[in-house]
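Read through the structure below, which is laid out as structure tokens, and then see the notes.
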Amino acid sequence: MRHLYQIQAQVTTNPIPSVEPNRIAVKLIGLCAAHANMRHGELIFTHYLTSTPNIFVFNALLKAFAQNNDWRSTLCYFNYQLLLPNAPDPDEYTFTSVLKACAGLAQASEGEKTHCFVAKYGCESNLYVKNSLIDLYFKVGCFGIAQKLFDEMDVRDVVTWNTLVSGYCLSGHVDEAKCVFDRMVEKTLVSWSTMISGYAKVGNLEEARRLFREMPERNVVCWNALIAGYAQNEKYADAVNVFRQMQQEGGLAPNDVTLVSVLSACANLGALDLGKWIDRYIRRNRMKLGLFLGNALADMYAKCGCITEARRVFDMMQERDVISWSIIITGMAMHGHANEAFECFKEMIAHAVKPNEITFMGLLTACTHAGLVDKGLDYFHMMAPAYEIIPKIEHYGCVIDLLSRAGRLDEAEKLINSMPIKPNAIVWGALLGGCRKFKDAERGQRVVHRILELDSEHSGSYVYLSNMYASMGRLQDAAKCRLRMRDNGVTKLPGCSWIEIGNTVYEFFMGDHSHLQSEKIYLMIKELRWKMKLAGYRPKTDLVVHSIDEEEKEDALSVHSEKLAIAFGLISTSEGTTIRIVKNLRVCNDCHDATKIISQIVKREIIVRDRSRFHHFKDGRCSCNDYW
DNA sequence: GTAGGGTTAG
């Protein structure tokens with residue numbers, strides 16, 4: 001950046017007489033755009049306004065904003081140009097930038113207005129402008145107009161065709177896009193990448209992969225399209241594998257877009273080692289920690305259990321938006337640091353960043369994990385009046401959960417019955433959780449019926465009912481219930497735990513014997529069971545429903561996926577190493593008790609991320625204080 | 001001028 005200031009200083013104090021000043025302005029603004037420093041670009045532009053900027057200077061500025069995805073500023077300066085008495089008339093170059101901005105904002109009204117100006121200034125016949133118009137109409141959802149413009153063109157280039165393919169992909173009409181794609185005589189890398197991401201967006205990864213294999217040449221964008229496709233469809237391990245493949249065979253360096261997708265995969269897998277490697281890669285290559293990359297990195301650290309590191313990244317970022325603040329607030333919440341989350345929110349408001357619905361989700365979860373019911377209700381009630389955010393079903397779900405966990409079941413049920421949105425199975429499920437915890441069988445039964453009306457495959461309801469009957473000694477009813485569950489094809493999502501050892505993520509299911517070191521793992525479990533018993537641990541066998549005897553119940557508990565992963569962690573890492581586990585479900589009561597004792601016996605810190613929060617086990621205690 | 005990226009209850 002420094003040389004940019006030097007150039008500008010030199011130009012302003014020491015103008016080169018033979019070069020026309022406007023040419024220098026264009027060059028400088030272009031440099032600012034390349035450095036993503038448009039504040040400086042604006043300064044230069046205002047400086048040149050005192051002389052007489054020509055159309056090249058205006059176009060350079062609009063193009064620079066458009067390049068940096070700053071659509072609002074693009075439109076703002078275009079309107080300024082129209083109002084300024086001595087400003088030059090816009091030309092086809094002006095319109096390509098302005099139309100791009102309208103498309104970026106997906107604003108139909110602004111787009112139509114610009115279309116009128118295009119006609120007024122006689123730029124309609126230009127190919128670039130036509131292509132931009134087609135793109136614009138697709139992005140504001142007017143496929144008919146876009147297709148008509150395309151049909152009426154007598155000269156089309158490959159960009160015209162690509163725009164049509166991209167337009168159909170964006171609107172989810174992949175099959176139409178494929179038809180256009182197949183009709184294309186000349187295809188570029190852009191055509192292929194568009195189709196790959198089009199298939200990825202609708203979840204058809206087989207087709208995306210097939211095209212990827214077929215394409216004649218590859219660049220970093222098409223790799224990114226495939227990696228992002230897997231990451232966005234929750235195929236995180238595949239995303240990481242494609243990334244590794246890219247490094248092995250591509251000879252292509254990953255860029256910030258690649259890393260953002262891979263970091264998001266790491267965050268979801270809890271793959272801290274790979275995440276740390278990417279952090280080092282970013283520093284080694286002096287990559288700019290922009291909004292996207294910084295946010296992805298901070299989120300990765302937060303979701304991998306390193307909230308301090310997450311905060312460090314957050315503090316290092318030069319620019320922060322709502323998403324950055326939401327990430328850090330949600331991160332604090334997941335780690336049970338409710339007060340820090342509230343402090344961050346205050347800081348955010350002090351920085352004049354407007355919170356969004358996700359920020360409030362973070363605050364509400366912070367309250368849930370700390371049992372701060374009234375604080376949570378305060379946040380819930382301030383959303384609409386103070387910040388114009390209408391609570392969505394997710395927020396209601398969170399508040400019902402908050403009330404239910406605290407045993408305020410009457411209030412929770414009243415809120416469900418009075419909410420302006422139709423409650424879904426998840427909202428009722430939150431109340432059901434409360435009924436289970438506080439043994440309110442009457443309400444529980446009522447709730448189960450409401451849930452099954454909405455979702456006949458809600459496994460939690462069947463399990464609840466069957467458990468309830470079993471605990472009342474009505475074993476026949478319990479059996480009937482499980483039978484009904486089976487007949488309806490309801491399957492409980494199998495519990496699964498991951499642990500990352502030496503850059504590989506290992507996956508364990510309950511009672512899993514598929515691991516190569518299975519024998520050693522089960523020996524370790526046997527040893528732990530013995531030591532745990534001596535330390536006073538009693539398995540919570542009442543959680544196991546099946547009608548089997550006590551000893552078998554203990555066995556069933558002892559091979560929960562999380563215990564297998566912990567045992568594997570213990571035999572695969574050196575003494576004292578922290579063990580990090582990621583689970584797809586919430587940690588069960590028995591595993592929670594067991595892990596506390598294990599942390600004491602083996603003198604290790606064990607960090608478990610379950611589907612909604614972190615548990616830091618140390619010296620026989622858990623950071624959640626047994627409230628989760 | 002056309003392709004690729006980050007936060008969200010149970």
Side-chain angles (χ1 to χ4, degrees), chain A residues 63 66 69 92-93 95-97 99-100 103 126-136 138 157-167 169-170 188-198 200-201 219-229 231-232 255-264 267 290-300 302-303 321-331 355-362 364-365 368 391-402 404 424-433 451 458 460 493 585-586 610-612:
Chain A
K63 189 181 169 185
N69 297 348
E92 57 269 27
Y93 289 94
F95 284 120
T96 48
S97 299
L99 288 169
K100 187 179 176 180
N126 180 279
L127 180 61
Y128 286 9
V129 172
K130 277 188 186 164
N131 288 346
S132 304
L133 276 169
I134 294 178
D135 189 45
L136 165 72
F138 266 119
D157 67 358
V158 67
V159 177
T160 320
W161 285 90
N162 285 343
T163 308
L164 198 68
V165 174
S166 146
C169 282
L170 281 174
T188 60
L189 268 168
V190 175
S191 332
W192 289 91
S193 302
T194 311
M195 265 331 294
I196 290 172
S197 92
K201 284 241 154 60
N219 63 359
V220 67
V221 176
C222 59
W223 282 99
N224 290 349
L226 194 65
I227 294 172
Q232 286 164 359
N255 62 9
D256 49 345
V257 178
T258 325
L259 299 183
V260 165
S261 291
V262 182
L263 281 170
S264 140
L291 269 182
F292 271 90
L293 197 53
N295 286 347
L297 191 62
D299 187 48
M300 182 279 294
K303 291 220 173 86
D321 63 0
V322 219
I323 299 183
S324 327
W325 288 99
S326 303
I327 285 169
I328 215 74
I329 289 172
T330 309
N356 67 9
E357 60 205 53
I358 296 163
T359 320
F360 276 97
M361 287 305 302
L364 292 174
T365 19
T368 307
K392 295 206 308 185
I393 192 128
E394 287 92 338
H395 299 99
Y396 281 96
C398 223
V399 175
I400 307 287
D401 189 38
L402 183 62
S404 304
N424 60 10
I426 297 174
V427 171
W428 285 110
L431 179 58
L432 183 63
I451 295 178
H458 190 266
L493 185 67
L585 303 175
R586 298 205 80 158
D610 74 13
R611 69 171 302 155
S612 72

Could you give the side-chain donor-acceptor pairs of residues 189-196 of chain A under 3.5 Å, partners two or more places apart or in another chain?
residue: A:S191; atom: OG; partner: A:N162; partner atom: OD1; Å: 2.7
residue: A:S191; atom: OG; partner: A:T188; partner atom: N; Å: 2.8
residue: A:S191; atom: OG; partner: A:T188; partner atom: O; Å: 3.1
residue: A:S191; atom: OG; partner: A:T188; partner atom: OG1; Å: 3.2
residue: A:S193; atom: OG; partner: A:L189; partner atom: O; Å: 3.0
residue: A:T194; atom: OG1; partner: A:V190; partner atom: O; Å: 2.5

Between A:L99 and A:D135, is a side-chain contact (heavy atoms from CB on, under 4.5 Å) present by the stated rule, with each step listed? CA-CA 9 Å; A:L99 288 169; A:D135 189 45; over 6 Å; no
From the options B:dT8, B:dG5, B:dA3, select the nucleotide whose nearest atom is closest to the side chain of A:I358. B:dT8
Among B:dG4, B:dG5, B:dT2, the one nearest A:V190 by side-chain distance: B:dT2
Go through the N and O atoms of the side chain of A:N219 and the base of B:dA3, and report whether any donor-acceptor pair is under 3.5 Å. yes
Among B:dT2, B:dT8, B:dG5, which is the nearest nucleotide to the side chain of A:T330? B:dT8
A:D256 side-chain proximity, nearest of B:dT8, B:dG5, B:dA3: B:dG5
In whole angstroms, the gap separating P of B:dG4 from NZ of A:K201 amounts to 5 Å
Anything under 3.5 Å between a donor and an acceptor, one on a side chain of residues 393-400 of chain A, the other on a protein residue two or more places apart or in another chain? List them.
residue: A:H395; atom: ND1; partner: A:K392; partner atom: N; Å: 2.9
residue: A:H395; atom: NE2; partner: A:E357; partner atom: O; Å: 2.8

Counting only side-chain heavy atoms from C-beta out, which of B:dA3, B:dG5, B:dG10 sits nearest to A:S612? B:dG10
Which nucleotide, B:dA3, B:dA9, B:dG4, lies nearest any side-chain atom of A:V220? B:dG4
As a test of reading the structure: which of B:dG4, B:dG5, B:dA9 is closest to the side chain of A:V427, going by heavy atoms? B:dA9
